[in-house]
Participant: 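Next up is a structure, given as structure tokens.
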Number of protein chains: 2
Amino acid sequence: MGFQETFKALSDDVRREILLMLRNGKKSAGEIASCFDMTNATVSYHLSILKKAGLITEEKEKNYIFYKLNTSVFEDVMMWFTQFKDGKKSE
Amino acid sequence: MGFQETFKALSDDVRREILLMLRNGKKSAGEIASCFDMTNATVSYHLSILKKAGLITEEKEKNYIFYKLNTSVFEDVMMWFTQFKDGKKSE
DNA sequence: AATCTATTTAGAAAATTTTCTAAATAGATT
DNA sequence: AATCTATTTAGAAAATTTTCTAAATAGATT
């Protein structure tokens with residue numbers, strides 16, 4: 001886990017696009033890949049980065065692999081940001 | 001601006017450490033650099049990335065350069081995350 | 001069991017990022 | 001004006017990331 005991995009995963013346009021795409025339900029690797037102008041292999045690489053970061057989970061069904069958001073990690077990241085909301089002792 | 005730049009800036013341990021370090025007030029480049037086991041030039045590079053991303057601002061005083069958090073960009077990032085809180089239409 | 005379909009893995013090339021050393025800048029002090 | 005102090009910029013080397021093509025896997029269909 002670790003924020004390094006999570007923020008690195010979030011730091012790429014394609015990967016953030018994939019996350020947005022998964023907001024309203026799971027999608028197969030193929031469906032996801034078809035939205036991008038890159039090979040399926042490359043999109044598969046991005047999915048693996050998101051999966052390693054815990055931002056998505058996979059679910060096999062027939063010979064498809066469906067991906068969906070893992071919202072709990074989003075909440076962890078939100079929590080990281082709350083460190084910057086107040087809590088500072090003046091200056 | 002743009003999220004690409006902001007998330008890239010956040011995706012490095014050293015840079016996130018710098019941000020945490022700036023929570024309770026501004027610090028000079030030298031003070032910041034002294035907390036890391038790397039050259040001042042390298043820390044300066046990280047500061048430039050954070051500055052480009054809008055996460056910090058600089059302020060010259062004597063021959064020091066002080067850096068401080070720019071909280072408004074943190075709020076923008078928080079907003080990005082709210083896209084993943086509900087808003088999804090079942091499925 | 002042969003083939004098809006969806007997807008990933010391996011390996012290499014290209015691009016980007018991180019770090020360093022050395023030199024440059026620029027304001028402060030002598 | 002010479003020097004010192006704090007910091008950045010330039011350029012290069014090393015490390016990491018992104019992308020591709022080709023091959024591998026694995027379940028589904030014929």
Side-chain angles (χ1 to χ4, degrees), chain A residues 1-22 25-70 73 77, chain B residues 1-22 25-70 73 77:
Chain A
M1 246 109 275
F3 285 115
Q4 175 74 340
E5 223 168 7
T6 312
F7 279 109
K8 272 236 159 80
L10 287 166
S11 76
D12 181 272
D13 280 335
V14 171
R15 292 193 291 260
R16 285 199 312 288
E17 191 61 44
I18 291 172
L19 293 173
L20 288 170
M21 195 172 287
L22 292 174
K26 65 189 177 187
K27 281 193 161 37
S28 70
E31 283 180 275
I32 296 167
S34 70
C35 300
F36 296 99
D37 190 21
M38 27 174 65
T39 65
N40 283 25
T42 297
V43 174
S44 183
Y45 158 77
H46 285 299
L47 289 167
S48 78
I49 300 284
L50 288 168
K51 192 170 54 176
K52 259 186 262 177
L55 289 160
I56 60 174
T57 56
E58 71 178 30
E59 194 180 300
K60 293 176 190 185
E61 192 180 319
K62 294 185 61 180
N63 50 350
Y64 294 88
I65 301 180
F66 286 94
Y67 287 95
K68 67 174 177 196
L69 293 184
N70 177 22
V73 173
V77 180
Chain B
M1 245 108 276
F3 285 114
Q4 176 73 341
E5 225 167 6
T6 311
F7 278 110
K8 273 237 158 80
L10 287 166
S11 77
D12 180 273
D13 280 335
V14 171
R15 293 194 291 260
R16 285 199 312 288
E17 192 61 44
I18 292 172
L19 293 173
L20 288 169
M21 195 173 288
L22 292 174
K26 65 189 177 188
K27 280 194 162 41
S28 71
E31 284 181 274
I32 296 167
S34 70
C35 301
F36 296 99
D37 191 21
M38 27 174 64
T39 66
N40 285 22
T42 298
V43 175
S44 183
Y45 158 77
H46 285 299
L47 289 167
S48 77
I49 300 285
L50 288 168
K51 193 170 53 175
K52 259 186 265 177
L55 289 160
I56 60 175
T57 56
E58 71 178 29
E59 194 179 300
K60 293 177 192 185
E61 192 181 319
K62 294 186 61 178
N63 49 350
Y64 295 88
I65 301 179
F66 287 93
Y67 287 96
K68 67 175 178 195
L69 293 183
N70 177 22
V73 173
V77 179

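Naming convention: chains lettered A, B, ... in sequence-line order (proteins, then strands); numbering from 1 in each chain. This structure is a prediction, so every number in the text was calculated from the model and none was measured.
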Participant: Roughly how far, to the nearest 0.5 Å, is CD1 of Ile65(B) from OG of Ser44(B)?
Facilitator: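 Between atom OG of Ser44(B) and atom CD1 of Ile65(B) there are 7.5 Å.
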
Participant: Please figure out whether Ile65(B) or Lys62(A) has its closest DNA chain D nucleotide nearer the 5' end.
Facilitator: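 In this pair, the answer is Ile65(B).
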
Participant: For the side-chain hydrogen bond (donor to acceptor under 3.5 Å, both in side chains) test, which of Arg15(A), Lys51(A), Glu17(A) pairs with His46(A)?
Facilitator: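 So, applying the side-chain hydrogen bond (donor to acceptor under 3.5 Å, both in side chains) to His46(A) and each of Arg15(A), Lys51(A), Glu17(A), only Arg15(A) qualifies.
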
Participant: To the nearest 0.5 angstrom, please state how far the CZ atom of Phe66(B) sits from the CD1 atom of Ile32(B).
Facilitator: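 If we round to the nearest 0.5 Å, Phe66(B):CZ and Ile32(B):CD1 are 9.5 Å apart.
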
Participant: Rounding to a whole Å, what distance do you find between Leu50(A):CG and dT8(C):C1'?
Facilitator: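 Taking CG of Leu50(A) and C1' of dT8(C), I get 15 Å after rounding.
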
Participant: What integer distance in Å separates Lys8(A):NZ from dA15(D):P?
Facilitator: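 In whole Å, dA15(D) P lies 15 Å from Lys8(A) NZ.
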
Participant: In whole angstrom, what separates Glu31(A)'s CD from dT5(C)'s P?
Facilitator: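 My rounded result for the distance is 17 Å.
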
Participant: Separation of Tyr45(A) atom OH from dA10(C) atom C1', in whole Å?
Facilitator: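 Tyr45(A) atom OH is separated from dA10(C) atom C1' by 14 Å.
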
Participant: Is the distance from OP1 or OP2 of dT7(D) to the nearest side-chain N or O of Ser28(B) less than 4.0 Å?
Facilitator: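 Affirmative; the distance criterion is met.
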
Participant: Provide, to the nearest angstrom, the distance between the CG atom belonging to Leu47(A) and the P atom belonging to dT8(C).
Facilitator: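 To the nearest whole Å, that distance equals 6 Å.
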
Participant: For DNA chain C, list all stems, counting runs of three or more consecutive pairs where every pair is Watson-Crick or G-U wobble with both distances under 3.5 Å.
Facilitator: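 Looking at DNA chain C, the stems formed by three or more consecutive pairs are C:1-30 with D:1-30.
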
Participant: When we call it a touch if two heavy atoms are under 4.0 Å apart, what does Ala29(B) touch: a base, just sugar-phosphate, or nothing?
Facilitator: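 Sugar-phosphate: the residue Ala29(B), judged by heavy atoms under 4.0 Å, touches backbone atoms but no base.
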
Participant: Can you tell which of Glu58(B), Glu31(B), Glu61(B) makes a side-chain contact (heavy atoms from CB on, under 4.5 Å) with Lys26(B)?
Facilitator: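 Only match with Lys26(B) under side-chain contact (heavy atoms from CB on, under 4.5 Å): Glu61(B).
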
Participant: Determine: side-chain N/O of Thr42(A) to OP1/OP2 of dT19(D), distance under 4.0 Å, yes or no.
Facilitator: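 So the side-chain polar atoms of Thr42(A) never come under 4.0 Å of the phosphate oxygens OP1 or OP2 of dT19(D).
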
Participant: Side chain of Asn40(B), heavy atoms from C-beta onward: which of dT7(D), dT18(D), dA22(D) has the nearest atom to it?
Facilitator: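 Nearest to the side-chain atoms of Asn40(B), counting from C-beta on, is dT7(D).
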
Participant: Compare every heavy atom of Val73(B) with every heavy atom of Ala53(B), then report the nearest pair and how far apart it is.
Facilitator: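 It is O-CG1, 3.9 Å.
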
Participant: Kindly say whether, by distance alone, the side chain of Asn63(A) makes a donor-acceptor pair under 3.5 Å with the base of dT7(C)?
Facilitator: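 Not at all, since no donor on one side and acceptor on the other fall under 3.5 Å apart.
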
Participant: Just checking Lys60(A): base, sugar-phosphate only, or nothing, at a heavy-atom cut-off of under 4.0 Å?
Facilitator: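 Touches nothing.
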
Participant: Counting N and O atoms only, with roles assigned by atom type, does the side chain of Asn70(A) sit under 3.5 Å from a partner on the main chain of Gly54(A), one being a donor and the other an acceptor?
Facilitator: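 Yes; judged by distance alone, with no hydrogens or angles, the pair exists.
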
Participant: Categorize Tyr67(B) for me: base, sugar-phosphate, or nothing, with a 4.0 angstrom heavy-atom threshold over every strand shown.
Facilitator: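 Counting heavy atoms under 4.0 Å across all strands, the contact made by Tyr67(B) is with sugar-phosphate only.
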
Participant: What is the distance from CD of Glu58(B) to P of dG27(C), rounded to the nearest Å?
Facilitator: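 Result: 13 Å.
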
Participant: So, does His46(A) get its side chain near the phosphate of dT17(D), meaning an N or O under 4.0 Å from OP1 or OP2?
Facilitator: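 So the side-chain polar atoms of His46(A) never come under 4.0 Å of the phosphate oxygens OP1 or OP2 of dT17(D).
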
Participant: Do other residues, nucleotides or ligands put more than 12 heavy atoms under 6.0 Å from the NZ atom of Lys27(A)?
Facilitator: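 Yes, NZ of Lys27(A) has more than 12 neighbouring heavy atoms, counting only those of other groups under 6.0 Å.
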
Participant: Are any of Thr39(A)'s side-chain N or O atoms less than 4.0 Å away from OP1 or OP2 of dT21(D)?
Facilitator: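 Negative; the distance criterion is not met.
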
Participant: Taking atom P of dT18(C) as reference, at what distance in whole Å does atom CZ of Arg16(B) sit?
Facilitator: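 Result: 11 Å.
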
Participant: Quickly work out the Met38(A) CE to dT7(C) P distance and round it to whole Å.
Facilitator: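 After rounding, the gap between these two atoms is 17 Å.
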
Participant: Below 4.0 angstrom, N of the basic side chain to O of the carboxylate: do Glu59(A) and Lys68(A) qualify?
Facilitator: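 Between Lys68(A) and Glu59(A) there is a salt bridge, with a charged N closer than 4.0 Å to a carboxylate O.
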
